[in-house]
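One-based numbering, in listed order, for ligands and for the atoms of each.
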Amino acid sequence: MRSNEVAAQALDEMADLIAISGGDPYRVRAYEKAARSVGGYQLDIDTLDRKGLMAIPAVGAHTADRLLELRRTGHIAMLDELHAQLPAGLRALLGIPGFGPRRAHQVYEELGISSLPELMTALDEQRLRTLAGWGETSEHNLAQSIRRMQQASERIPLAVARNIAEDLLARLRQLPQVSRADYAGSLRRMRDTVGDIDLLAAADDDPDSVMASFCALPLVDRVLAHGPTKSSILTAHGVQVDLRVVPTAAWGAALLYFTGSKSHNVHIRELAVRAGLKLSEYGLFTPESDRPRAAATEHQIYRALGLDWIPPTLREDRGEIEAAAAGRLPHLVEIADLAGDLHIHTDLTDGLASAADMIAAAARRGYRYCAITDHAPLLAMQRMTRDKALAQRRELRELAPHYDIEVLHGSELNIAADGSLDWDDEFLSGFDILIASVHSHFDQSASAMTSRLITAIEHPLVNIIGHPSTRIIGRRPPIEFDADAVFAAAARTGTALEINAFPDRLDLGEDLIARARGHGVVFAIDTDAHAVPHLDHMRYGIATAQRGWVEPSEVINTWPVSRLRRFLAKGRPSAVRVMPRGARDGTRSARGKPDGRTGERRQPR
Ligand code: DGT
Ligand code: CA
Ligand code: CA
Ligand code: ZN
């Protein structure tokens, strides 16, 4: 889908630049919408003709022509013109959270500021507060946003790094001298952010030419170091990539060494020393011989050290080496264990695809079930209503027989500042599954936030807390709450916590997952997909879960549908729906979620 992404970026750039130059807001919005739509479209735009392009939502004749131009020439002339009119540094200012094109236009027009350093100087000299719509507070907020951005920008999101690495690897693997190539470092360990990308290539003849080809790849913007076994480059995105070329016979040793983490390496090297051996990136050696005892595969090396092979997602020296020595490594959850995705949006709210398209795509992935969970009315922009929700339920019932997948009708509710939810309990009990998420009032005190979350968790109809920490990687810090109190409540009430797989969320993150496991919490690993391609993000949720040592039995969407339904039904016995209204209300107030719910998790699958 690279073409779709490239095109979406170009359209976004058009929107930004038109906005910065003070252009028509209507055109700005049109390009923004088209960008989102193209980025999330399920077909590769390179396969589409003009008519096909115009069938993409929000893409009109004008945009379709721009897309064709981009395909034909690699450029959009209008975009080039806009670039020529505006200083290059100006758009970079839009990377500052909360600093939109309107403000960029303003500081450029009134103060001539066109780069981040200039903006920071103006901030220091308190020149911004004099502008219309500014004040001391907005200066203060801007300073904070810049600090946050600079801290974050040193590391790149996992998914961005992975796309760049895959691109480079595909080219390296095409070289005839290269017998294999893969990524190592924090990317292979699937950390949520990556400092730089570490690539490894095995080549026995002419490694120099491999290096030369690498440094000449089109993605390379600048060569930082060019040596016989190691080179470093900066890509056009500003990401550093290190490549090491190693002999095929030492592949396992090099992969192990450069995967890290550093503390994992230090610990296993100690084990080697204690056994009278020496471990390096070339192999595991005895003192007598320079022929390695093990080098070709990681498995051989771990085995020679008396360890089971350790999955890269665990290699942080957090007990995995002791576990591997004792033959007690966790049985980590994997993509293949998943039976469904329980957090999916459609174009009824802010998704891009119809329910039918999302369900078909989920079925194609081999899932046995999926849940459609559009937003609820409190998120006013989404314009959800009871009637729309009910119409969607009817639509899903009609669609269901056409797909070989069970479809649950759900909703992603908003947890209001006081912990209350959208809609009344009677209406809520009509859904098969309910996610409740914080989408507002992120800066409450920790104690208010804790009781807000616990109130939602204790609601008998809430099954999952969505993206519980609400962090956006590099842009919004996690909300503050008493994690132990919240996790204990989730375990006690049988409410699952989401591991949201969306690459800029990965929420819960690994540390909070580990803490939640200590309380016996169960998880739902979901994509929060707003378009068909987003269903592929599942791999990042799985990686995050693995880094928190999560096993399949702890993940509700690995369970067979019958067991999942029992879990979901706890707060809403089906009998409730056919009971007359008065009787129903009477039972609900006394009901709550039975304590026995957490027993679910302990049963084998
Ligand atoms: P990053 O790039 O900050 O996200 O984290 P890593 O883990 O990718 O670190 P990086 O790129 O500096 O190095 C890649 C791997 O190479 C690292 O995980 C382990 C190995 N390594 C690097 N420096 C050392 C070292 O001084 N000692 C040992 N034992 N291993 C090292
Ligand atoms: Ca690295
Ligand atoms: Ca590195
Ligand atoms: Zn949400």
Subject >> Closest Asp196 atom to the Ca ion (ligand 2) [N, O or S only] >> reply: OD1

Subject >> Phe427 versus Asp424, closest heavy-atom pair with distance >> reply: N-OD1, 2.9 Å

Original post:
For Thr385, what residues pass the side chain to side chain donor-acceptor pair (under 3.5 Å) criterion, not counting sequence neighbours?
Top reply: none

Subject >> Residue from Asp198, Asp182, Thr313, Thr259 passing side-chain hydrogen bond (donor to acceptor under 3.5 Å, both in side chains) with Arg188 >> reply: Thr259

Subject >> Distance-only polar pair, side chains of His343 and Glu498, donor-acceptor under 3.5 Å >> reply: yes

Original post:
How wide is the angle at the Zn ion (ligand 4) between NE2 of His439 and NE2 of His467, to the nearest 10°?
Top reply: 100°

Subject >> Thr248 and Asp204: side chain donor to acceptor below 3.5 Å >> reply: yes

**OP:** Measure from the Ca ion (ligand 2) to every N/O/S atom of Asp198 and report the name of the nearest one.
**Re:** OD2

Subject >> Residues lining ligand 1 [heavy-atom distance under 4.0 Å, listed by chain and residue number] >> reply: Arg155, Gly185, Ser186, Arg189, Val194, Gly195, Asp196, Asp198, Tyr257, Phe258, Thr259, Gly260, Ser261, Lys262, Asn265, Arg269

**OP:** Find, among atoms of Glu412 that are N, O or S, the one nearest to the Zn ion (ligand 4), and state its name.
**Re:** OE2

Original post:
Is the cationic atom of Arg293 (NZ for Lys, CZ for Arg) positioned less than 6.0 Å from the six-membered ring centroid of Phe285 and within 45 degrees of its normal?
Top reply: no

Original post:
Is it true that the side chains of Thr493 and Glu458 contain a donor and an acceptor less than 3.5 Å apart?
Top reply: no

Original post:
Do we see a donor-acceptor contact under 3.5 Å between the side chains of Asp422 and Asn414?
Top reply: yes

